Number of protein chains: 2
Amino acid sequence: MSDSVSSQSKACAGAGGPVSAILSVEKAQRMAEFFGVLGDPNRWRILSALTLGEMRVGELAEAVEMTESAVSHQLRVLRTMRLVSYQKRGRSVYYCLKDNHIFNLYQEASEHLDEPDD
Amino acid sequence: MSDSVSSQSKACAGAGGPVSAILSVEKAQRMAEFFGVLGDPNRWRILSALTLGEMRVGELAEAVEMTESAVSHQLRVLRTMRLVSYQKRGRSVYYCLKDNHIFNLYQEASEHLDEPDD
DNA sequence: ATAACACCTGAATACTTGTTCAGATATCAA
DNA sequence: TTGATATCTGAACAAGTATTCAGGTGTTAT
């Protein structure tokens, strides 16, 4: 392993790490849009409710104590970012989490937030 | 291993996974605040610039093509979320990334964004 | 066909957030 | 002390976003 960075003056995290270049405006925009979607408490509550399993819009609305309309609007946003998928069955629409990325993001953020202030 | 959820109808990601309860309003709020900070393209550009190593405010401003004032405002936000740390030396203030969480978040998001639409 | 149900959508309002400008603070050099 | 440099901050404006309300679509039951 090269020690030019890792051994002595590593005052800064990740120098030479996985990013190591200034993001283009376009890439930065895409990142921001994605994380912006996760920048709303009601969407986090909806996402966390879906960790319990698939749910209809009405059930979700009841679970997170929002109107169905508000939930529906937020679900559209989550759909756009492909964080949830849905399935029509009868007159109901069942939503569920699309993949596990949301868990990893949740855990990574939790760790960060729970870190001592050093 | 219990198979009541995992074996047959796993249409939904992560049911019974690491969250598995509706987030409290407070926790959801904290999550949203954190991710909201990452919901701005200029902040991503600043963070990515810092992956190259520590930088002064003026250098950062030049690197990301923003005014020093704008950079300073954004650095305060990043400081508040403990994403960057800083060190005064002489009349300059050197900023750098505080820890590696930002890399993991970046990679996780990249993977999600690069996923095919299935 | 009609009514009830489940969900979605557009438009308007209210709220939040980013950027700019002007000026403040703090450090260094002469 | 004076002037130059480097950064920070508060207030105001502009821009973006969430929520509500009213009404729309599509499905099921009678």
Side-chain angles (χ1 to χ4, degrees), chain A residues 23 25-26 28-50 53-96, chain B residues 23 25-26 28-50 53-96:
Chain A
L23 256 45
V25 177
E26 294 73 28
Q29 184 71 43
R30 271 160 50 86
M31 281 287 155
E33 276 167 17
F34 176 69
F35 283 101
V37 167
L38 299 179
D40 180 89
N42 289 330
R43 284 197 283 265
W44 271 106
R45 281 168 54 76
I46 290 171
L47 289 169
S48 67
L50 290 176
E54 66 173 14
M55 273 195 214
R56 297 181 306 141
V57 177
E59 289 173 328
L60 268 173
E62 192 179 12
V64 300
E65 293 172 290
M66 296 169 62
T67 65
E68 289 189 4
S69 176
V71 170
S72 183
H73 274 294
Q74 304 294 29
L75 284 171
R76 173 165 50 172
V77 176
L78 296 172
R79 242 159 42 212
T80 302
M81 276 303 160
R82 309 205 323 281
L83 286 165
V84 300
S85 58
Y86 64 100
Q87 199 183 352
K88 287 186 89 156
R89 290 211 295 275
R91 49 180 144 181
S92 293
V93 182
Y94 290 82
Y95 279 85
C96 65
Chain B
L23 258 44
V25 176
E26 295 73 27
Q29 184 72 41
R30 272 161 49 87
M31 280 287 156
E33 275 166 17
F34 176 70
F35 283 101
V37 168
L38 299 178
D40 180 86
N42 290 330
R43 285 197 283 266
W44 271 107
R45 279 167 58 74
I46 289 171
L47 289 169
S48 66
L50 290 175
E54 69 173 11
M55 273 195 213
R56 299 180 304 142
V57 177
E59 290 174 328
L60 268 173
E62 193 180 11
V64 301
E65 294 172 288
M66 296 168 63
T67 66
E68 289 188 6
S69 175
V71 170
S72 183
H73 274 292
Q74 303 295 28
L75 285 171
R76 172 165 52 174
V77 176
L78 295 172
R79 241 157 44 212
T80 304
M81 276 303 161
R82 308 205 322 283
L83 287 165
V84 300
S85 59
Y86 65 101
Q87 198 183 353
K88 285 185 93 159
R89 290 208 297 272
R91 45 182 142 180
S92 293
V93 183
Y94 290 82
Y95 281 84
C96 65

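Source: prediction; values computed, not measured. Order of the sequence lines sets the chain letters (A, B, ...), proteins ahead of strands, with each chain counted from 1.
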What's touching nucleotides 7-10 of chain C from the protein side, N or O pairs under 3.5 Å?
from   : atom 1 : to      : atom 2 : distance (Å)
C:dC7  : OP1    : A:Val57 : N      : 3.1
C:dC7  : OP2    : A:Gly58 : N      : 2.8
C:dC8  : OP1    : A:Tyr95 : OH     : 2.6
C:dC8  : OP2    : A:Ser72 : OG     : 3.0
C:dC8  : O5'    : A:Ser72 : OG     : 3.4
C:dT9  : O4     : A:Ser69 : OG     : 2.9
C:dG10 : O6     : A:His73 : NE2    : 2.8

Scan residues 28-43 of chain B against DNA chain D and write down, sorted by residue number, each residue with any heavy atom closer than 4.0 Å; if none is found, say none. none
Over how many whole Å does the gap from A:Glu54 atom CD to C:dA6 atom P extend? 16 Å
Sorted by position of nearest nucleotide on DNA chain D, 5' first, the leading residue of A:Gly90 and A:Ala70 is A:Ala70
Does OP1 or OP2 of C:dT17 have a side-chain N or O of B:Gln74 closer than 4.0 Å? no
Return the value, rounded to whole Å, for the distance between atom CG of B:Leu78 and atom P of D:dC8. 12 Å
Just how far, in rounded Å, is P of D:dC21 from CE of A:Met66? 13 Å
So, for B:Tyr94 and B:Arg56, which heavy atoms are closest and what is the spacing to 0.1 Å? CE2-CG, 3.3 Å
Please report the distance, rounded to the nearest Å, between CD in A:Glu65 and C1' in D:dT19. 16 Å
Under 3.5 Å, side chain of B:Arg43 to main-chain N/O of B:Leu38, donor-acceptor pair present? no
Write down the atom of A:Val84, the atom of A:Leu50, and the distance for their closest heavy-atom approach. CG1-CD1, 3.7 Å
Between the main-chain N or O of A:Arg76 and the side-chain N or O of A:Thr80, is there a donor-acceptor pair closer than 3.5 Å? yes
What's the separation between atom CG in A:Asp40 and atom CD in B:Gln29, rounded to the nearest 0.5 Å? 8.5 Å
Can you measure from CD (B:Glu59) to CD (B:Glu68) and round to the nearest 0.5 angstrom? 10.5 Å
First locate atom CG of B:Leu60, then atom CG of B:Leu47, and finally report the distance between them rounded to the nearest 0.5 Å. 9.5 Å
With no hydrogens and no angle check, is any side-chain donor or acceptor of B:Ser48 less than 3.5 Å from a backbone partner on B:Arg45? yes
Rounded to whole angstrom units, what separation is found between the CD atom of B:Glu62 and the C1' atom of D:dT5? 15 Å
